[in-house]
Engineer: 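Sharing a structure with you now.
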Amino acid sequence: MSLGRREFLSRTPSSQEWSALYKESERQAILGVILLGLERLPDNQRPPKELLLNWIGIGEVIRQHNKLVNKRCRELIKLLTESNERYCLLKGQGNAMMYVDPCSRNAGDIDVWLDGGKKKIVEFVYSLFPDINVQYHHMDFPIFRDVEVEVHFFPSFCYNKIHNRRLQQYFMEHSVEQFGHQVKWNDSEEMICVPTLSFYLVFQLSHMMRHFFTQGIGLRHAIDYYYLLSQNITVSEKKETVCVMKRCGMYKFLCALMWIEKEIFGLRMNLDIAPVNEKAGKMVLQEMMAGGNFGKNYGHNKGDILYVYSKQMLYRLRFIKEFPSEPLWRPVALVWDYIKKRV
């Protein structure tokens, strides 16, 4: 319903079922998206009035927060432009632009990729905030009190060092195009720099796969990818990106995701980019449903650093049979980067 695939339900849910759907939508951070579907339903199939009114109220909160994040994006872009920093907006509001209603998506923080390399970006951040910790691929940029901002040295990464080298090569080879790719922002005359569609396919998949093997991902990530696949992507672009995904060890995860997109969200055959892997897809979907958005329902994401890391290690063991590379490489990569940082 919410994705425009149906006009009505096969049966009317009970009050208990509507309440369960609300709670699950909240866990998955997709209340605003589901609300779009509720508005399409005939009156006799809608939720109980009290629940519906509450849902509409939350939908308005989501809409207002999107407006706030959009405002902060404009302010951030103005600052970067005045500082002669070339940028490319990643995820978040860039993803929302592909939605039927951009303000229905739960907005998070602002992620922006800057040009020039790690050293130059660190110097720029330190010129404004000298006490910020440098992470592996990004830094916090606390310019706003009400919206978090991260500046990226590169968009994403793999824990497998061989695959990561290939992924970073792809990012570098296509960086000039990304920093110059401007589109109209939400049907306005404003221009904003976001990745090209083919670049988005690779970047977002790597982002999802990395988070899947750490804290977890939810249905919101899959919906983001559904709307991305629904864009006007050429056959040659699809072939090119699939080749990159194979070289970077992401192909099996892509096939698992394709099963979810088709089975759960009804993605049309002409929009897919790879065959489905039902077995792996069911496993990924099970983890999405169990953990919720970014795995926030999992206990292994809460506690001190050593506890979280040890629990995440045990959590990743269940994926070794289907996806051996990333779970096995993560502890190696962490030690590798720790030593490299101190040598």
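The structure presented is a predicted model; accordingly, all values stated were derived computationally and were not measured.
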Engineer: Give, for atom SG of Cys248 and atom NZ of Lys246, the distance between the pair rounded to the nearest 0.5 Å.
Structural biologist: 13.0 Å

Engineer: Return the set of residues passing side-chain hydrogen bond (donor to acceptor under 3.5 Å, both in side chains) with Asp101 (not counting sequence neighbours), or none when no residue passes.
Structural biologist: Arg63

Engineer: Side chains of Met289 and Gln28: closer than 4.5 Å at any heavy-atom pair?
Structural biologist: yes

Engineer: Taking Gln178 for its side chain and Thr196 for its backbone only, find out whether a donor-acceptor pair lies under 3.5 Å.
Structural biologist: yes

Engineer: Please verify the inter-ring angle class for Phe157 with Phe154; under 30° counts as parallel, over 60° as perpendicular, anything in between as tilted.
Structural biologist: perpendicular

Engineer: Are the side chains of Asn54 and Tyr22 in contact, using a 4.5 Å heavy-atom criterion?
Structural biologist: yes

Engineer: Using ring centroids (six-membered ring only for Trp), state whether Trp113 and Phe179 fall under 6.0 Å.
Structural biologist: yes

Engineer: Looking only at atom types and distance, does a side-chain atom of Glu287 sit under 3.5 Å from a main-chain N or O of Gly295, one as donor and one as acceptor?
Structural biologist: no

Engineer: I'd like to check the salt bridge (charged side-chain N to carboxylate O under 4.0 Å, His left out) partners of Lys120; sequence neighbours left out, ordered by chain and number.
Structural biologist: Glu85

Engineer: Do Lys184 and Ile192 touch side chain to side chain, with heavy atoms closer than 4.5 Å?
Structural biologist: no

Engineer: Under the side-chain contact (heavy atoms from CB on, under 4.5 Å) rule, what do Leu201 and Met245 come out as? Steps first, then yes or no, please.
Structural biologist: CA-CA 9 Å; Leu201 287 171; Met245 293 168 184; 4.0 Å; yes

Engineer: Is there a side-chain contact between Arg220 and Arg105, using heavy atoms and a 4.5 Å cut-off?
Structural biologist: yes

Engineer: Ignoring hydrogens and geometry, is there a side-chain-to-backbone donor-acceptor pair from Ser104 to Val100 under 3.5 Å?
Structural biologist: no

Engineer: For Thr234, is there any backbone N or O sitting under 3.5 Å from a side-chain donor or acceptor partner on Glu237?
Structural biologist: yes

Engineer: Can a donor-acceptor pair be found, under 3.5 Å and without considering hydrogens, that links the side chain of Arg27 to the backbone of Asn293?
Structural biologist: no

Engineer: Could you tell me how the ring of His138 sits relative to the ring of His152: parallel (under 30°), tilted (30 to 60°) or perpendicular (over 60°)?
Structural biologist: tilted

Engineer: Taking the six-membered ring for Trp, are Tyr170 and Phe199 ring centroids under 6.0 Å apart?
Structural biologist: yes

Engineer: For residues 232-259, which residue pairs qualify under ring-ring contact (aromatic ring centres under 6.0 Å, His included), counting only residues two or more places apart or in two chains?
Structural biologist: Phe212-Phe253, Phe253-Phe323

Engineer: Roughly how far, to the nearest 0.5 Å, is CE of Met258 from CD1 of Ile273?
Structural biologist: 5.0 Å

Engineer: Other residues, nucleotides and ligands only: do more than 12 of their heavy atoms fall within 6.0 Å of CG on Asn232?
Structural biologist: no

Engineer: Can you find a pair of side-chain heavy atoms, one from Ser206 and one from Leu167, that are under 4.5 Å apart?
Structural biologist: yes

Engineer: Walk me through whether Arg11 and Glu17 qualify under salt bridge (Lys or Arg N to Asp or Glu O under 4.0 Å).
Structural biologist: CA-CA 12 Å; Arg11 68 176 181 85; Glu17 288 171 327; 2.7 Å; yes

Engineer: Taking Arg46 for the side chain and Leu41 for the main chain, is one N or O donor matched with an acceptor at less than 3.5 Å?
Structural biologist: yes

Engineer: Look only at the side chain of Asn66 and the backbone of Cys103, and say whether a donor-acceptor pair between them is shorter than 3.5 Å.
Structural biologist: yes

Engineer: Is there a path from Ile162 to Leu205 through hydrophobic residues (I, L, V, M, F, W, Y) whose side chains come within less than 4.5 Å of each other?
Structural biologist: no

Engineer: Please check if the side chain of Ser83 supplies one atom and the backbone of Leu80 the other of a donor-acceptor pair under 3.5 Å.
Structural biologist: no

Engineer: Return yes if some donor-acceptor pair links the side-chain N/O of Glu326 with the main-chain N/O of Tyr159 below 3.5 Å, else return no.
Structural biologist: yes

Engineer: Look up atom CG in Asn70 and atom CD in Glu75, then write down how far apart they are to the nearest 0.5 Å.
Structural biologist: 11.0 Å

Engineer: Assess, by modelled atom type and distance only, whether the side chains of Asp131 and Tyr126 contain a donor and an acceptor separated by less than 3.5 Å.
Structural biologist: no

Engineer: Are Leu90 and Val176 linked, directly or through intermediate hydrophobic residues, by side-chain heavy-atom contacts shorter than 4.5 Å (ILVMFWY only)?
Structural biologist: no

Engineer: Taking the ring of Phe129 and the ring of Phe124, is the distance between their centroids below 6.0 Å?
Structural biologist: no

Engineer: Is there a donor-acceptor contact under 3.5 Å from the side chain of Tyr87 to the main chain of Cys193?
Structural biologist: yes

Engineer: Please check if atom CE in Met172 has more than 12 non-hydrogen atoms from other residues, nucleotides or ligands closer than 6.0 Å.
Structural biologist: no

Engineer: Considering only heavy atoms from C-beta outward, does the side chain of Asn133 approach that of Met139 to under 4.5 Å?
Structural biologist: no

Engineer: Apply the side chain to side chain donor-acceptor pair (under 3.5 Å) test between Asn164 and each candidate in Arg166, Lys161, Gln168; give the one that qualifies.
Structural biologist: Gln168

Engineer: The test is salt bridge (Lys or Arg N to Asp or Glu O under 4.0 Å); show your working for Glu263 and Lys282 and say whether it passes.
Structural biologist: CA-CA 10 Å; Glu263 188 70 19; Lys282 286 182 176 179; over 6 Å; no

Engineer: Considering residues, nucleotides and ligands other than Glu173, do more than 12 of their heavy atoms fall under 6.0 Å from its CD?
Structural biologist: yes

Engineer: Using a 4.5 Å cut-off on heavy atoms from C-beta on, say whether the side chain of Ile223 contacts that of Ile30.
Structural biologist: yes

Engineer: Is it the case that one hydrophobic cluster holds both Val147 and Leu128, taking links as side-chain heavy atoms less than 4.5 Å apart, direct or via other members?
Structural biologist: yes

Engineer: Anything under 30° is parallel, anything over 60° is perpendicular, the rest tilted; go ahead and classify His207 against Phe203.
Structural biologist: tilted

Engineer: Heavy atoms, side chains only, cut-off 4.5 Å: are Gln215 and Arg210 in contact?
Structural biologist: no

